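Atoms considered below: every heavy atom in the structure, side chains included; atoms not considered: hydrogens, waters and symmetry mates. Each chain gets a letter, A, B and so on, in the order the sequences are listed, and its residues count up from 1. This one's a predicted model, so the numbers in the text were calculated from it and none came from an experiment.
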2 protein chains.
Amino acid sequence: MNSVHMVADRNDTKARLLTEARDLYVEEGPASFSLREVARRAGVSAAAVYRHYDGKEALFEQVCLAGLQVFYGYLVRALEEATPHERLVGSATQYLRFGLENPRDYRVLFMGAGPAHKHPPGKGKKPDATFQFLIDRVQECMNAGILHEDDPHEVATVIWAHVHGLVSLRLAGQLAHVGTDTQFAKLYHRSTERLVEGLSG
Amino acid sequence: MNSVHMVADRNDTKARLLTEARDLYVEEGPASFSLREVARRAGVSAAAVYRHYDGKEALFEQVCLAGLQVFYGYLVRALEEATPHERLVGSATQYLRFGLENPRDYRVLFMGAGPAHKHPPGKGKKPDATFQFLIDRVQECMNAGILHEDDPHEVATVIWAHVHGLVSLRLAGQLAHVGTDTQFAKLYHRSTERLVEGLSG
DNA sequence: GTCTATAGGTGGATAGAC
DNA sequence: GTCTATCCACCTATAGAC
């Protein structure tokens with residue numbers, strides 16, 4: 001096995017720094033996110049980090065980009081569905097799956113404290129791509145007559161707010177009373193479907 | 001006018017520090033929130049802050065508490081409504097008003113970066129009181145037969161997630177395409193009412 | 001590619017004068 | 001109540017040895 005083909009060696013310092021950086025960020029917050037602490041957790045010196053990343057900000061940028069890659073990996077699966085309706089529902093399902101299976105990435109991408117990090121390019125640009133994806137699913141349903149003709153922008157907006165609200169509150173521990181992830185998923189799907197029906201009918 | 005009765009003198013350093021602290025937090029994020037910078041903005045030395053607050057964390061705690069006071073000031077107005085249904089809808093309305101009229105306080109209270117600030121007592125305790133308030137409104141509607149009997153916990157959960165999702169995305173600028181605050185308010189009310197109908201019918 | 005050493009900077013908090 | 005001066009901790013980033 002050539003090292004060139006190894007994507008995530010357990011001892012790959014670069015990859016290790018990336019995950020340690022992400023974990024530190026979500027565990028201790030932006031205020032405590034330091035390059036030195038990331039290096040400590042990864043078991044290397046602070047100076048070593050500069051062999052892999054251009055600095056603190058660049059490191060965090062890569063954390064965001066890596067999270068987006070994972071996120072898109074989930075979203076695109078919804079396109080494998082057969083009908084427009086299934087693709088729309090599937091999008092919501094994949095969004096939920098991403099959040100529950102990658103809570104740390106979700107927090108970095110969608111629960112960053114507003115202007116917490118200034119530069120992270122994944123904050124103002126890519127989520128727009130996400131939004132467009134959802135708009136396309138809605139438009140698709142309207143074209144197929146599955147959803148009543150309406151402003152796809154508006155319907156997509158409300159759906160996004162709804163799923164983001166549910167997932168973010170769940171990950172924040174505010175919805176612990178709902179029970180298991182499976183129970184939460186039922187609630188998620190039921191309320192989302194009813195919301196869509198209510199908005200389109 | 002006795003100074004004892006003056007709550008917010010323009011030159012009241014203590015009050016000035018509080019608002020400067022809040023603004024710095026929402027503008028620059030937790031990572032850049034420093035006692036020294038707050039003091040600079042307030043036009044006093046860093047040491048002067050300690051005459052009013054016990055330190056950096058204590059200062060931020062007071063920022064959170066002040067925001068909660070304002071928030072509750074909005075919520076309780078919903079209790080002035082005549083019927084359970086109007087009180088439930090009114091709660092959502094007041095929640096929206098608070099967010100649009102006090103975006104900085106809203107960000108501090110509900111859009112803090114997860115574990116961004118560790119101690120702030122307004123994060124794990126008080127929002128529970130907020131949630132209980134909403135549960136009470138829902139239960140009230142069910143008792144009155146206005147909402148179909150269901151788990152008030154669950155219905156309140158979905159409503160909270162929905163309104164929080166809409167307001168937080170709006171304040172994050174992700175819903176700029178919706179238009180004016182008035183237009184956004186229409187969307188907010190319409191989608192919320194349909195959600196409630198869908199969940200209870 | 002990783003280390004140690006170091007330069008240069010910011011911040012929290014305290015002491016003591018006024 | 002506010003100031004200046006100060007201490008100490010921690011950080012980013014770089015230089016140069018290995």
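In this structure, A:Ser34 reaches the sugar-phosphate backbone alone: every heavy-atom distance under 4.0 Å involves primed, P, OP1 or OP2 atoms, never a base.
For the pair B:Leu35 CG and C:dT14 C1', the interatomic distance rounds to 13 Å; values are reported in whole Å. Rounded to whole Å, the distance from NZ on B:Lys14 to P on D:dG1 is 9 Å. At whole-Å resolution of the value, CG in A:Leu17 and C1' in C:dG1 are 12 Å apart. Here D:dT2 presents its C1' atom at 15 Å from CZ of B:Arg36, a figure rounded to the nearest Å. Computed from coordinates, the A:Tyr53 OH to D:dT14 C1' distance equals 20 Å when rounded to whole Å. A:Arg51 has its CZ atom 13 Å from the P atom of D:dG16, to the nearest Å. Note: CG (A:Asp54) to C1' (D:dT14) measures 14 Å, nearest angstrom. Regarding B:Tyr50, its OH atom lies at a distance of 13 Å from the C1' atom of D:dC7, rounded to whole Å.
Both the sub-6.0 Å distance and the 45° axial angle are not jointly satisfied by A:Lys56 relative to the ring of A:Phe33.
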Evaluation steps, salt bridge (charged side-chain N to carboxylate O under 4.0 Å, His left out), between A:Glu27 and A:Arg22
CA-CA 9 Å; A:Glu27 287 168 16; A:Arg22 182 200 59 186; over 6 Å; no
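Every residue two or more places apart in sequence or in another chain that forms a salt bridge (Lys or Arg N to Asp or Glu O under 4.0 Å) with A:Arg40 is listed here: A:Glu37.
Among the nucleotides C:dG12, D:dT2, D:dC11, the one closest to the side chain of B:Thr13 is D:dT2. Candidate nucleotides C:dC3, C:dG12, C:dG1 were compared by shortest atom distance to the side chain of A:His52, and C:dG1 ranks first. For A:Arg40, counting side-chain heavy atoms from C-beta on, the closest listed nucleotide (C:dC3, D:dC11, D:dC3) is D:dC11. Ranking D:dT2, C:dG12, D:dA15 by closeness to the B:Lys56 side chain, first place goes to C:dG12.
One finds a salt bridge joining B:Arg190 and A:Glu154 here, because a Lys/Arg side-chain nitrogen approaches an Asp/Glu carboxylate oxygen to under 4.0 Å.
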